[in-house]
Structures are given as structure tokens and as C-alpha cells.
2 protein chains.
Amino acid sequence: MAPRNQDTKQEILRIGMDLIKRYGYNAFSYADISKVLEMKNAAVHYHFRGKEDLLAGILDQYLDDYVQLGKQLQVSRLTSLQKLDKFIERYSVLVDSNCICIIGSVASDYNTLPESVKARVTELIDLVLGMVEKTLQEGKKKGEFHFTESARTQALLIMTNLAAGVQLARISGKQDYVQIRKALLRQVKG
Amino acid sequence: MAPRNQDTKQEILRIGMDLIKRYGYNAFSYADISKVLEMKNAAVHYHFRGKEDLLAGILDQYLDDYVQLGKQLQVSRLTSLQKLDKFIERYSVLVDSNCICIIGSVASDYNTLPESVKARVTELIDLVLGMVEKTLQEGKKKGEFHFTESARTQALLIMTNLAAGVQLARISGKQDYVQIRKALLRQVKG
DNA sequence: AGCAAAACTTACTATTTAGTAAGTTTTGCG
DNA sequence: CGCAAAACTTACTAAATAGTAAGTTTTGCT
């Protein structure tokens, strides 16, 4: 049975995020969400005035999610490699669920996004890129990593490999993603 | 003035391709095309029965385009590096025109594409990936390149760096793309 | 010039879309 | 219990969408 009451807003966010990762921002409607919840369109509008607000909510939650992950990693005793792997693991999950990453999804639709959310997309990319860069920097200092590019550039390379890697995997299969994953780890390990 | 007659079909393909690279398959309509041509919706339907057929036509043309490039490179006296650069140059042009590559665009929308065109997307990826792989292989044999991954894997890395690189560039600016471009060239040069 | 095919326009349809206003039910709280 | 706010449903718009059928114009060819 579909959840009710206060959970509904969270459920809408969850379903919306899944739809974006699966089909993209321009390919889902309020009806898609309300059908899953066995509710009416207007119920979704009650929680989020418009699709614009819904997207903003989804991005905000995703931002929070990554801030959370960042804090977790900071207090953990994981090696830099393990931290990087926790990040990469998120992409592997996407491949197995036939999805692409939110960043890649909204980036592809960027020119069609409402102006009010574009800033959030930039913020999200800065956050994720910063996290990877920091982990790389730290790992290099500790002697775990041995890449020659700047940490920022190496983070860019990893991000693009993964983002496009999951996009490719939906078409040509998981094997290509696996190869990319292995190769980028070899790159940073040196 | 908008072109007429036999050129119209080609114009529709050109405009459609531009719209896919700029906004994505799900974010443009027949009206967008007919407006540019100063014609009616039905005129576009005369040349392409449905959006599905239009997409198929666009992908076919893009396939032809790449086959052409492949032949050109084969008979040319360019070094492997110059060949690779001709390929990369296509992505630089995209960045400057606020577009992403067709492959990345349809890959992001893959789950929403009509079944009849999915095979063409696979074909396109195989073709492009094969071209890059071949160039890398050839360059390594000639001593121009010195990468350690298999040519296939290295081609995958380059493709994903470029595809996601142009997606990223629309948001965070050209500078990131330029860094990626430089770095991937350093990678293959060894 | 005449004619047939090609290249359109006119005039629609059915569906989906985001969104709204007003009314009803549910829920938790004093 | 009673009541107010929260969480919905009902019942709609208005606009955009892909698509179609039938009629008109344009074009190239003999």
C-alpha cells in the first residue's frame, strides 16, 4: 500500500528522483508520480506547487545527501581509496538499476531547466567535484595515490568517466562500465 | 528566407539534429522545427511520418557522417595524433555552440527512446568507439602513443571524458572541458 | 502549354501536460 | 469531543503535443 500523510512529501521526492535518473526531467509528469502513490495529480501539487519546485526539492535533497556523505567520510577511519570507492560504488548501483546519475541527467537537460534551479545544479557539481578532489589530494599526501594531474583535473576525469560511463552502460552493457571503473582506479593508484 | 523543395528534408534533419544536441529528444516538438522553416506542422510530417522516423533519419545521417570521417582519415597522411585531434575537435565545437554530443544526448534519454531506434544508437556507439580504438592502436604501433590500457578501454575513457566533458562545460564553463582535453591527450601520449 | 507527382496548407482530432479553485476527508491536539 | 490545520479529491482549464485527412499550390518534365 502507498504511504500517507507526512511521508507523502518524502515519497514524492523519492519517486521524482528515480524518474529523473531513469527517464530525465522532461520525460516524466505529475501523473507518473501520482499513479505510483495511487493519488490524484492535485495531491502532488499540494506538496510541490510546480514541477520547478519539485526539481528544486529533489536537488536540495540530493545536495543534503552528499553533504551527509562528506561528513561521514571525514569522521571515518577509511583509507582514501576506500573513500573513493564509496563514491564510485554509488555509480555501480546506478548501472545495476538501469539509471544514470542525477548530475548527468540534469546536465543533459540543462538548457531546458527553469532558471531558478540552474544555480543548484552548479552548486551540486561543485560539491561533488570538491569531495573527490579532496579525497584525491589526501590520498596523494598519504602515498595511496600517485596521479600526475592536479587533484582538481583528476577529479574531473573521474567524474566524467563515471557520469558518461553509466550512460553508456545502459546501451552497451555493464561490461564497459566495469572496464572504465577498473581503469580509473589504476590511474589514481599510479 | 527559408529554403524550399528538396532541401527541406535536409533542413529538417539539420534543425532536428541541432535541437537534440541543444535540448534533447524529449524537449523539442515538430512545431519548433516548422517555426524555423516558416512552415506548418504538417509539412514536417510530410517528410517524416513521426518523431520516431525523424530521429531514425537524424541518427542515420550522423552514422553516415562518421563513416565518411572514417574513410577520410584512412586515406589521409595525418599522424595518429592528428587523427585523434580531428575527433576531439568535434567536441570542442560543441562546447562553443552550447551543445552536447548526440551520443550523450540520446544516451541520457535512452529509456524513453522508441524501440525502433535503439539499435541505431548502439550501432553509432560501436562505430565511434571503434574509430577511436583503431586510431589509438595504430598510434601505439607507430610509437606516437604510450598508454598502458587496452586500446578499447583507452577509447572508452576518452569517449566518456569527452561526452561528459561537454555536458559539464555547459554548466561550469569551458575551462573544465579544456583541462579534460589536455589531460586525456597527456594520457595517450604517455 | 499541360499534367502528374511532389510539396505543401488548412483544418481538424485525441491525448497529455502543468496547473487551479473549491470542496471534502483525515489527523492530531487541547 | 470538537475543531482547526493538513492532506487530500473533484472537477475543471488552457496550452502543447503528435498525428491525420483532404484539399491546394508548386515544380519539373514532355
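Hydrogens, waters and symmetry mates are skipped; everything else that's a heavy atom, side chains included, is used. Note on naming: letters A, B, ... go to the chains in the order of the sequence lines (proteins, then strands), and numbering restarts at 1 for each one.
Residue contacts for A:Phe28: at a heavy-atom cut-off of 4.0 Å it reaches the sugar-phosphate backbone alone, with no base atom in range. Within 4.0 Å (heavy atoms only), B:Tyr30 reaches sugar-phosphate atoms of the nucleic acid but no base atom.
Rounded to a whole Å, the CD1 atom of A:Ile33 is 12 Å from the P atom of C:dG19. Atom CZ in B:Phe48 sits about 12 Å away from atom P in C:dA7, given to the nearest Å. For the pair A:Glu52 CD and C:dT17 C1', the computed distance is 16 Å after rounding to whole Å. When the P atom of C:dA7 is taken as reference, atom CD of B:Glu11 falls 14 Å away, rounded to whole Å. The distance between atom CG of B:Leu55 and atom P of D:dA18, rounded to the nearest whole Å, is 13 Å. Between A:Lys51 atom NZ and D:dA15 atom C1' there is a gap of 15 Å when expressed in whole angstrom units. Between the P atom of D:dC8 and the CD1 atom of A:Ile12 lies a distance of 8 Å, rounded to the nearest Å. In this structure, NZ of A:Lys9 is placed 12 Å from P of D:dC8, rounded to the nearest angstrom.
Residues B:Val44 and B:Thr8 have side chains not in contact (no heavy-atom distance under 4.5 Å, counting atoms from C-beta outward). Looking at A:Phe145 and A:Leu81, their side chains come closer than 4.5 Å, going by heavy atoms from C-beta outward.
Listed by chain and number, the residues in a side-chain hydrogen bond (donor to acceptor under 3.5 Å, both in side chains) with B:Gln187 are A:Gln187, B:Gln154 (sequence neighbours excluded). Contacts of A:Ser34 classified as side-chain hydrogen bond (donor to acceptor under 3.5 Å, both in side chains), with partners at least two apart in sequence or in another chain: A:Asn41. Listed by chain and residue number, B:Lys118 satisfy the side-chain hydrogen bond (donor to acceptor under 3.5 Å, both in side chains) test with B:Glu115 (two or more places apart in sequence, or in another chain). A:Tyr66 pairs by the ring pair (Phe, Tyr, Trp, His ring centres under 6.0 Å) definition with A:Tyr62, not counting sequence neighbours.
Distances shorter than 4.0 Å separate none of the side-chain N or O atoms of A:His47 from OP1 or OP2 on D:dA6. In terms of phosphate contacts, B:Tyr46 brings a side-chain nitrogen or oxygen within less than 4.0 Å of OP1 or OP2 of C:dA7.
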Taking only nitrogen or oxygen atoms into account, show me every contact under 3.5 Å that the protein makes with nucleotides 3-5 of chain D, one pair per line with its distance.
none

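For the pair A:Arg90 and A:Asp65, the salt-bridge criterion is met [side-chain N within less than 4.0 Å of a carboxylate O].
Within the 3.5 Å criterion, the main-chain N or O of A:Cys101 finds no donor-acceptor partner in the side chain of A:Ser105.
Across all strands shown, D:dG23 forms a Watson-Crick or G-U wobble pair with C:dC8, both key distances being under 3.5 Å.
For the pair A:Arg49 and A:Asp32, both in contact range of DNA chain C, the more 5′-proximal nearest nucleotide belongs to A:Asp32.
Between B:Ile58 and B:Leu13, the shortest heavy-atom contact is N-CD2, 3.6 Å.
With no hydrogens or angles considered, no side-chain donor-acceptor pair links A:Tyr25 and A:Ser108 at under 3.5 Å.
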Can you give one letter per nucleotide of nucleotides 10-16 of chain C, going 5' to 3': B for a protein heavy atom under 4.0 Å from the base, S for sugar-phosphate only, - for none?
B------

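Of the listed nucleotides (D:dC8, D:dT20, D:dT17), D:dT20 has the atom at the smallest distance from the side chain of B:His45.
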